[in-house]
Amino acid sequence: NAIAAKGKPIDYASNDQEFKRIRAQFPENAIGRKQFSFSSDRKRMSTRVQLVGGGFRVFTKGAAEMVLGLCTHWVNADGQVEVMTKEKRAAIDDVILSFANQALRTICLAMKDTAEAVEDVTEAEKDLIMI
C-alpha cells in the first residue's frame, strides 16, 4: 500500500487504525450529532456535534468558493479569529482562482459554535469561521 501513516502502510482491514478509534469515540449516532448531507447545489456538507462543556459546534467542508462566501471570520496563522475583510476575502479568492486555473479543485473548512442545537441547514451554514 503506497499510502502510509506514521511511516507504515495502512491496513484498512485492521481494527488497529486511528480513524477507526476516532469513529468509535465519535459515532454518527451520538447524542447531539446531526449531519447536513452533501448537496450538489450547495457544494458542501456540514456536521453538528455536541461539545463536552455544553453547546454545539458545526463543521462545514466543501467547494472553497462556496464555503468562503458563508464565512464572516477566519483563523490566522497564530490561531486567532479575525473578521473576514473585503481585502482578505479577495486575497483568498485569488488563491482559489489560481488553483482553478491549473484545473485543481480546492476545498474549504469552516466552523462555528452555537449555544443551541441548530436543526436548519441554512442556519447551520451561516456566519462561519474559515479554518
| request: Given side chain to side chain contact (heavy atoms under 4.5 Å, CB included), test Ile96 with Asp93 step by step and report yes or no. | output: CA-CA 5 Å; Ile96 294 168; Asp93 273 332; 4.2 Å; yes

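Atom CE of Met66 is separated from atom CG of Asp41 by 8.5 Å, given to the nearest 0.5 angstrom. Expressed to the nearest 0.5 Å, how far CE of Met130 lies from CD1 of Ile92 amounts to 3.5 Å. One finds the CD atom of Glu65 at 9.5 Å from the SG atom of Cys108 (value rounded to the nearest 0.5 Å). Expressed to the nearest 0.5 Å, how far NE2 of His73 lies from NZ of Lys112 amounts to 12.0 Å. We find the CG-OG distance between Leu128 and Ser46 to be 7.0 Å, quoted to the nearest 0.5 Å.
In this structure, Lys43 places its NZ atom where only 12 or fewer heavy-atom neighbours from other residues, nucleotides or ligands lie under 6.0 Å away. Enclosure of atom CZ in Phe38 by more than 12 non-hydrogen atoms of other residues, nucleotides or ligands within 6.0 angstrom is indicated. Residue-environment remark: NZ (Lys61) stays at or below the threshold of 12 foreign heavy atoms within 6.0 Å. Annotation for Glu116: atom CD does not count as buried by contact number, only 12 or fewer foreign heavy atoms lying within 6.0 Å.
Under the 4.5 Å side-chain heavy-atom criterion for ILVMFWY residues, no single connected hydrophobic cluster contains both Leu109 and Trp74. Phe59 and Leu70 are not part of a single hydrophobic cluster, where members link through side-chain heavy atoms under 4.5 Å apart. Under the 4.5 Å side-chain contact rule for hydrophobic residues, Val49 and Val67 do not share a cluster. The cluster map of Ile, Leu, Val, Met, Phe, Trp and Tyr, joined by side-chain heavy atoms under 4.5 Å apart, puts Val95 and Leu104 in the same cluster.
Panel note: side chain Asp78, backbone Gln80; no donor-acceptor pair is recorded below 3.5 Å. A donor-acceptor pair is defined here as one N or O able to donate and one able to accept, closer than 3.5 Å; no such pair exists between the side chain of Arg33 and the backbone of Thr47. When atom types are taken as modelled, the side chain of Arg42 and the backbone of Ser37 share a donor-acceptor pair closer than 3.5 angstrom. One N or O on the side chain of Arg48 and one on the backbone of Val118 form a donor-acceptor pair closer than 3.5 Å.
Nearest approach of Leu68 to Met84, heavy atoms of both residues: CD1-CE, 3.6 Å. In terms of heavy-atom proximity, Cys71 sits nearest to Ile129 at SG-C, 4.3 Å. The two atoms that bring Met111 and Ile131 nearest to each other are CG-CG2, 3.8 Å, heavy atoms only. Across all their heavy atoms, Phe36 and Asp120 have their closest contact at CE2-C, 3.9 Å. Considering all non-hydrogen atoms of both residues, Met45 and Glu125 come closest at C-OE2, 4.1 Å.
The existence of a salt bridge linking Glu82 and Lys88 is excluded, since no basic side-chain nitrogen approaches an acidic carboxylate oxygen closer than 4.0 Å.
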